[in-house]
There are 2 protein chains.
Amino acid sequence: MSERARPTLAVIAEEAGVSPATVSKVLNGRTDVAPSTRERVEGLLHEHNYPRPGHGRRARRSGLVDLVLAGLDSPWAMEILRGVEAECTLHGIGAVVSQVREDDARPPSWQNLPALHHSDGVILVTSRMTERQREQLERAGVALVLIDPVNLPDSGIASVGATNWAGGMAATEHLLSLGHRRIAMIGGPADILCTQARVDGYRTALDRAGVEADRELIRYGDFHHEGGFARARELLALPAGRRPTAIFAGSDQQAMGAYEAARQAGLRVPEDLSVVGFDDLPLCEWLSPPLTTVRQPLEEMGRIAARTLLQLLDGQPLLTPRIELSTQLRVRHSTAPPPPEGP
Amino acid sequence: MSERARPTLAVIAEEAGVSPATVSKVLNGRTDVAPSTRERVEGLLHEHNYPRPGHGRRARRSGLVDLVLAGLDSPWAMEILRGVEAECTLHGIGAVVSQVREDDARPPSWQNLPALHHSDGVILVTSRMTERQREQLERAGVALVLIDPVNLPDSGIASVGATNWAGGMAATEHLLSLGHRRIAMIGGPADILCTQARVDGYRTALDRAGVEADRELIRYGDFHHEGGFARARELLALPAGRRPTAIFAGSDQQAMGAYEAARQAGLRVPEDLSVVGFDDLPLCEWLSPPLTTVRQPLEEMGRIAARTLLQLLDGQPLLTPRIELSTQLRVRHSTAPPPPEGP
DNA sequence: TTGTATGCGTTATCAC
DNA sequence: GTGATAACGCATACAA
C-alpha cells in the first residue's frame, strides 16, 4: 500500500486487458461494452478505488433514478411519489416507479432494477434491505436513499423519516388534555421502526401524565383499513370498564377502519369515541367527521429524498445520513372529551 | 419511385457518408454517435422509409416507457399506475412516471419526455393532446397509448377507456328503481369526453323512465372533493320542492364532498339523501356509509394500456384503436328510497 | 452471401 | 505532456 499515487485509466485498462477508451466507456455508462468486460473493469475500478464520477464529480449518466415502494396500494405511497416526481422533474431526471413484491419467501430482487433501467440511483421506501443488497448496489456504483426504512441501516446510508416519537407523544398528549385516560393505540406491524418510535412516544406521554399504560390497549396490525378495523373492533368489544374512550391509530387508513368499527358498534365519533390518525393524507379533511391526525410531511420527505440522491450523484458529501422531518398535530373534529362515566 | 427495392444499411450509410455500423448504431440507440450524425442518418432513414424496428419488428431499445398523468393527487391516478407498473414489470420494462403541469398557459411539453428519458413509448392519462404533439411523437418513433383522453383522438391512436355512458345509465336506473325522481348529477368538467358520456347515460335513463330531466339538477365541477362539495352544497340549498333526493357524482371523491355537504346541511346519508359515486376506489367500502358507486376497472385499464403499448413496440398491428372496459354498479349503503314528501 | 448487430481499438480532441 | 472523452471504423459474430 505504498506506490498508490493515483490510479489512471491506462493502469486499469492494462490490468483488464483492454484499451483505456473501453475503461472510459464503462465509467460513462456507454452502451458499447460487453457485459463481461464491464464487470471485470468495474471490479478493478473498485479495487483500485478509482475516483469515480459519482463520488467525485458528477455522474448523471442516464438521467434516471429508481423509486421502489413496498406497496402501491395506498394514498401514502402517492404522497411520497408526488414529492419524488416533483423534485426529479425539476432537475430533468426521470423517476422509474416500481413496487417490490414480497409474496415470495426470498428477499425481493429490487437491487437489480437500476442495472435493468440503467438508472443511477434508488430511493427505497419502507422496505427491508439486506447487507448483501447494499454491497451489490455499492459495487455497481448505484446511489441509495431510504425513506422510512423498516430496519435501521447500520452504516452511513442516507435515510429520510419523520419524528415519529414526537408525533406519538403529541397525539397522546392531545387526548390526555381532553381528559381521556383509557387511550388505546393501534400500531403498525410491531417490528417496524416507526411503529416502535410512535408507541414509545405514546408510552412516554402517558407516563409523564401519570397514567399507567395498559398492555391490553396496545395492539398491532397492518397499516391498512383492515388492520385498524380489526384491532378497533377488538378494543371496542372489551367490557365497559376496560374499553378505551379514545384510539390513536398508526395511520389514517387504520383510523378509517376504526371509524367503521365504531359505526358498527353503534358508537359516534367523537361523542362516544375519539380517534386520532397518523399521516394527514389529503382525504382526512373529507372524512365524516374530519380526522384529527399527526401530520407527516410525506411529499416533503419524497422531495428531500430525491434531492439527497441527486446530491450524492453529484458527488457531494452527505451532511448527515439521517434526516427527520417534524410531525405536527392537526386537530379536526374526530376528538372530543370522553363521555361521562356511565353506570 | 421505381428502383426502390429495399433500402439497406449500406445505402443509407453511403449517402450519409458513414459506415454501415454507424447507421446500425443509430437504429439501436447506441451512445457512440454524434448528435449531428444521428440526425442526418435519422433523416435519411425516414426518407427511404427504412423498415425500422419500432414499426417493423421490435424496438425495445431502452426497456422504458413514460407514464404521463394529468394529476398525481388522487387515488384514481394510483390505480392506473398500479396497473401499468404491474404489466410493465411483468415484461421487464420500467415505467417513468411524470405529472403534466397545466398551470402554464401553453400546452405542457410532455412530448419531450421520451426523448429525455430515452423511452420508447408513452401512456398519456386524461390529458389533452394537440395534433402537433402527435406528429412530434410519430416522427421520433415513439409509440403512444391514451387512457381516458380528454379530447377524441381523430386518427387511429390507441386509447383505453370505460363504458361511461352505460355506467351513467346504470347509476341513474338504480336510483330510479329506488323511487327517486329528483336525481341530481354532478359531472366532471363539462368539456371532457367521459363527463359527456356519463351525463348522456344519465339523461337517457331518466328519459326511458319518463322522468323529465331538470337542467337545474345537472352541475359541473372538477373531479376532486371540492368540486363535489361545492356543487352538492348548491343543490342542497335549493328550496324544498326543487331539492334533489339523490346525487349521482362523477367521481368517488366528488361523492365524498357530497357526504360532507350533506353532513353540514344536517342531512343523513342515505336516509335523507342518496349518493352514488363513480370509480370504485378502494376506500369506497371504508366510507361511512360505504359508498354505492359505478366501478371503473382502473387498474385493468392501466394493464391493458401498457400491454397495448408493448404490442405496438413489438410491431404488432392494432386490432382496434379504442378499447372500452365495462363498468359495473356496486351497491353499498349510501343509497336508499327517498324520504317521504314533507309538508 | 448479404444484411445487421456488437464490442473494441483508433484517432482526434479537449482540459489541465 | 498527461489523462480522459467522443465519435467513428474495423472485425467479428450472428441471421436469413
Side-chain angles (χ1 to χ4, degrees), chain A residues 3-63 115-116 118 120 140-141 313-315, chain B residues 3-64 92 115 118 120 141 313-315:
Chain A
E3 28 77 50
R4 291 277 166 78
R6 193 173 92 84
T8 77
L9 280 197
V11 177
I12 311 280
E14 194 179 3
E15 276 197 54
V18 295
S19 75
T22 302
V23 180
S24 171
K25 286 172 185 179
V26 171
L27 282 167
N28 293 286
R30 293 316 193 84
T31 45
D32 51 345
V33 180
S36 59
T37 308
R38 169 166 273 135
E39 202 174 340
R40 200 167 68 244
V41 172
E42 291 271 23
L44 288 167
L45 285 167
H46 186 257
E47 208 172 290
H48 292 247
N49 48 295
Y50 184 90
R52 293 182 69 117
H55 18 113
R57 268 191 354 192
R58 47 108 251 188
R60 301 251 175 94
R61 298 187 284 263
S62 65
L116 185 62
H118 305 107
D120 302 327
L313 290 176
D314 274 343
Chain B
E3 29 76 49
R4 293 275 166 80
R6 194 173 91 83
T8 81
L9 280 198
V11 177
I12 310 282
E14 194 180 5
E15 277 197 55
V18 295
S19 76
T22 302
V23 180
S24 172
K25 286 173 182 178
V26 170
L27 281 167
N28 293 287
R30 292 316 196 85
T31 44
D32 51 345
V33 180
S36 59
T37 309
R38 171 166 270 134
E39 203 174 342
R40 198 167 68 247
V41 172
E42 290 272 24
L44 287 167
L45 285 168
H46 188 260
E47 206 174 291
H48 291 249
N49 47 294
Y50 184 89
R52 290 186 69 116
H55 19 112
R57 267 192 349 188
R58 47 109 259 186
R60 297 233 185 112
R61 297 187 284 263
S62 65
L64 290 173
H118 304 108
D120 302 327
L313 290 175
D314 275 343

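Within every chain, numbering begins at 1; the chains are lettered A, B, ... in the order of the sequence lines, protein sequences first and strands thereafter.
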>> With heavy-atom distances below 4.5 Å as the criterion, would you say the side chains of B/Leu44 and B/Tyr50 are in contact?
In response: no
>> Whether A/Ser24 contacts D/dG3 is assessed here as follows: a side-chain N or O lying under 4.0 Å from the phosphate OP1 or OP2. Is that the case?
In response: no
> In terms of side-chain heavy atoms of B/Leu9, which of C/dA5, D/dA4, C/dC8 is nearest?
Replying inline: C/dA5
> Roughly how far, to the nearest 0.5 Å, is the NZ atom of A/Lys25 from the OG1 atom of A/Thr37?
Replying inline: 10.5 Å
Atom pairs, protein N/O to nucleotides 9-12 of chain C N/O, distance under 3.5 Å:
unit_1 : atom_1 : unit_2  : atom_2 : d
C/dG9  : OP1    : A/Ser19 : N      : 3.1
C/dG9  : OP2    : A/Ser19 : N      : 2.8
C/dG9  : OP2    : A/Ser19 : OG     : 2.6
C/dG9  : OP2    : A/Thr22 : OG1    : 2.6
C/dG9  : O6     : A/Lys25 : NZ     : 2.4

> Does B/Ala10 have any side chain to side chain contact (heavy atoms under 4.5 Å, CB included) partners at least two apart in sequence or in another chain, and if so, which?
Replying inline: B/Thr8
> Which atom pair, heavy atoms only, marks the closest approach of A/Arg40 to A/Ala16?
Replying inline: NH2-O, 2.9 Å
> Who pairs with A/Glu14 by side-chain hydrogen bond (donor to acceptor under 3.5 Å, both in side chains), at least two apart in sequence or on another chain?
Replying inline: none
> Tell me: CD of B/Glu14 to P of C/dT4, nearest whole Å?
Replying inline: 14 Å
> To the side chain of B/Ala34, which of C/dT4, C/dC8, D/dC8 is closest?
Replying inline: D/dC8
>> The criterion is side chain to side chain contact (heavy atoms under 4.5 Å, CB included); which residues satisfy it with B/Ala13, sequence neighbours excluded?
In response: B/Val18, B/Pro20, B/Val23
> Is the phosphate of D/dG3, meaning OP1 or OP2, less than 4.0 Å from a side-chain N or O of A/Tyr50?
Replying inline: no
